[in-house]
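Below, chains carry the letters A, B, ... as their sequence lines are ordered, and counting in each starts from 1. Treat the numbers as computed from the prediction; the structure is a model and nothing was measured.
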Protein chains: 2
Amino acid sequence: MGEVTLKQIAEELGISVTTVSKALKNYADVSPKTKTAVINLANKLNYQPNSFAVNLRTKESKTIGLIIPEIVHHFFSNVVNAIIEKAEKKGYLVIILQSNESEELEKKQIDLLLSKRVDGILMSLSNNTKNLDHLKKVIEHNVPLVLFDKISKLLDCSKVVIDDKSAGYDATEHLIKSGCKKIAHFRGPLNPQGSIDRFLGYKKALEDYNLKFDSSIVFTCEKVSFNEGYKFAKKIHTEHKDVDGIFAITDLVGIGAVAYFNEVGVKIPKQIGIIGFSNWFMASVISPSLSTIDQPGFEMGKKSLKLLLKEIKATKKGNQIQHQTVVLPTKVIKRNSTAF
Amino acid sequence: MGEVTLKQIAEELGISVTTVSKALKNYADVSPKTKTAVINLANKLNYQPNSFAVNLRTKESKTIGLIIPEIVHHFFSNVVNAIIEKAEKKGYLVIILQSNESEELEKKQIDLLLSKRVDGILMSLSNNTKNLDHLKKVIEHNVPLVLFDKISKLLDCSKVVIDDKSAGYDATEHLIKSGCKKIAHFRGPLNPQGSIDRFLGYKKALEDYNLKFDSSIVFTCEKVSFNEGYKFAKKIHTEHKDVDGIFAITDLVGIGAVAYFNEVGVKIPKQIGIIGFSNWFMASVISPSLSTIDQPGFEMGKKSLKLLLKEIKATKKGNQIQHQTVVLPTKVIKRNSTAF
DNA sequence: AGTAAAATCGAAATCGTTTTCGGTAAAATC
DNA sequence: GATTTTACCGAAAACGATTTCGATTTTACT
């Protein structure tokens, strides 16, 4: 019942463990005869190398760590989808952890992954992460690290992102071109760079098209939720009747706004245009369907993994690694919540 | 730069590796003096035990494997959410793999996890899995296995499920009680037990309420998609005008139907009542909001993990394990797509 | 036949930790 | 003072695979 080991094969064949090992790894100094004998017996016994022993010897686990803020999230689950699929094809397994937007948990999880000696770490920062010491530790330990989506510019590692500012610009421009004259913004939390950049893009577009920026119609979503979208839509409807366009930080927020306006009978997009962000599946099936910015989650996961594997390989060879930042394109998805 | 080992600590302190190891594990036969000396130095050097070596010695990896059909899926991502969160708290890490509904991939992934020597496996079967040899192999290898949601009754292991038949009954009954007289069913694929049971529950409810079962208004969704819901709704609308209720195998299918009827101006729930299954978030935000059956994903993940950890512990002790099947309750969520 | 080259094998060290089992020294007991 | 107990420590053997390096055998070549 115990697992088959090299030793057992060696004994059964009357040869040494060394030769068995070499035969299985197709070394040149093993005769074809013994080679086939070993291979046949190994197959017959269904030999599987003990990966604990292999890990110890080779000092690599063929495992990578992945930390994301939350998994029940259309964008992130798409990223995860790409990563685990591609990783498996390259012979890597993925350990997934979620930080739940907590810096403290993030710290612990980094320590966990480091102690498990994963070959590399892929990660999207929590919104509340301010101190970056735990990430610097990863870099100091010489463990390859690739950040995606929620990144920090202060970290010296490879990154995969979208251009949030230009995406925010595009979203706002789309509303303007579809006839909106006074555009509100339901922005994200104040800390994350992505949220800041989308806001900056929004502002820039207003400037370029000579629309007055008005901070009283910029609302901050702390949790980026349906309810906040609903709540701020109500605020717009009661206190800012002249607003005729909304750029929401996320589809979920946008859908909250759509739900409110549907409820009170405000016509979308006739009376008010709405655009979201991310292109969740959900956005395509509500009515009216929500215009949005497509954020390529699958591509991002794929690219991040590719970069990480490259760095793992380089590190193993002892080569100096060249960090790079990849910017993935986004595009405007026009649907029925904007009247283009 | 190299990692700190017991040996280094031992040398620096002029004692043996054995004593260092024992000191850190708080053995009784180490004097308090050397104990504190070791602990202090270990902390100072930030010693982390090499988990490869620990794994090899203890023959356990403190890692479990999780295989699901797909991760970009509200129900499954909720299950995953629960599992990785609870596992982390219990000192276990989770390796996630997705079978993409392919039996072949599932086989490979089981082999992978087995070769990585995970301490246990959690899994939801692919819809296309017919041969169960790979799962029997897991059991033969004495690796604890817990199946959830998509299970097979032929496998001798613990299981966590919902009562699909009674849930299907409840859904259908709810339509009947809200006034529907002719109820169609958009069922799932023919193979998976869950899909069969929901259909059986549907049939039973019709019988109990003296409604005629009519196989011409039972449609089979192969991929359980939005498009299928849309397509079959159209079919109902054009070929079965007298149908006034639909029980959809999943919210996604239900939402497809809602979208179609919205488009052609059929009033929900006045002209037709619709109920879905799973209680995706999406179902609550479309209009009209979709009545559904709540399928407790988080609970299921939590319970499955708990069972698995219990079996892992028992196996380690060499105890005989008592397999059990847990049935989690579902409930009807009444919303605006049914006129109760 | 004698030597050089090639082919084939295995002993042993190593990875870092855990744990058993003896051994020595100090303290307690008679 | 002799003996037993207790406290403390370390050598060594695992765990299973990999790899270096030397040894032996066989073949090839003068």
Checklist entry - Does any non-hydrogen side-chain atom of B:Val79 lie less than 4.5 Å from one of B:Ile68? => result no
Checklist outcome for this item: Residue set satisfying ring pair (Phe, Tyr, Trp, His ring centres under 6.0 Å) with A:His134, at least two apart, ordered chain then number -> none
Item to check | Heavy-atom side-chain contact between A:Val30 and A:Thr19 under 4.5 Å | outcome: yes
Next on the checklist: So which atom in B:Phe75 and which in B:Met300 form the shortest heavy-atom distance, rounded to 0.1 Å?
Outcome noted: CZ-SD, 3.7 Å
Next on the checklist: Between A:Gln295 and A:Asp149, does the side-chain hydrogen bond (donor to acceptor under 3.5 Å, both in side chains) criterion hold? Intermediate values first, please.
Outcome noted: CA-CA 10 Å; A:Gln295 195 182 3; A:Asp149 195 48; 3.2 Å; yes
Checklist entry - A:Leu24 CG to D:dG16 P: how many Å, rounded? => result 16 Å
Item to check | B:Thr58 (side chain) donor-acceptor with B:Val54 (main chain) under 3.5 angstrom | outcome: yes
Checklist entry - At what distance, to the nearest 0.5 angstrom, does OG of A:Ser152 lie from CG of A:Leu147? => result 7.5 Å
Next on the checklist: For B:Lys316, is there an ion pair with B:Glu60 - N to carboxylate O distance below 4.0 angstrom?
Outcome noted: yes
Item to check | Under-4.0 Å side-chain N/O to phosphate OP1/OP2 contact, B:Tyr27 with C:dT19 | outcome: yes
Checklist outcome for this item: Sorted by number, residues from residues 37-48 of chain B placing a heavy atom under 4.0 Å from DNA chain D are none
Checklist entry - Tell me, do B:Met123 and B:Glu106 make a side-chain contact under 4.5 Å, heavy atoms counted? => result yes
Checklist entry - Can you name the residues that form a side-chain hydrogen bond (donor to acceptor under 3.5 Å, both in side chains) with B:Ser304, not counting sequence neighbours? => result none
Checklist outcome for this item: Here the distance between atom C1' of C:dT17 and atom CD of B:Glu60, to the nearest Å, is 14 Å
Checklist entry - Where each pair must be Watson-Crick or G-U wobble with both distances under 3.5 Å, what dot-bracket representation of DNA chain C is obtained, with crossing pairs in [ ] and other-strand partners as |? => result ||||||||||||||||||||||||||||||
Atom pairs under 3.5 Å: protein N/O with N/O of nucleotides 13-15 of chain C:
from, atom 1, to, atom 2, distance (Å)
C:dT14, O2, A:Arg57, NH1, 2.5
C:dC15, O3', A:Lys59, NZ, 3.1

Checklist outcome for this item: What one should report as the nearest heavy-atom pair of B:Gln8 and B:Glu3 is NE2-O, 3.2 Å
Checklist outcome for this item: Between NZ of B:Lys25 and C1' of C:dG16 the distance, given in whole Å, is 13 Å
Next on the checklist: Do B:Gln98 and B:Phe76 make a side-chain contact, defined as non-hydrogen atoms from C-beta onward lying under 4.5 Å apart?
Outcome noted: no
Protein-nucleotides 7-10 of chain D N/O pairs closer than 3.5 Å?
from, atom 1, to, atom 2, distance (Å)
D:dC9, OP2, B:Ser31, N, 2.9
D:dC9, OP2, B:Ser31, OG, 3.4
D:dC9, OP2, B:Thr34, OG1, 3.1
D:dC9, N4, B:Asp29, OD2, 2.8
D:dG10, OP2, B:Ser16, N, 3.0
D:dG10, OP2, B:Ser16, OG, 3.3
D:dG10, OP2, B:Thr19, OG1, 2.7
D:dG10, O6, B:Lys22, NZ, 2.5

Checklist outcome for this item: On a heavy-atom basis, the closest approach of B:Lys159 and B:Leu155 is NZ-O, 2.7 Å
Next on the checklist: Applying a 4.0 Å non-hydrogen cut-off, can you work out what B:Ser21 is touching in the nucleic acid: base, sugar-phosphate, or nothing?
Outcome noted: base
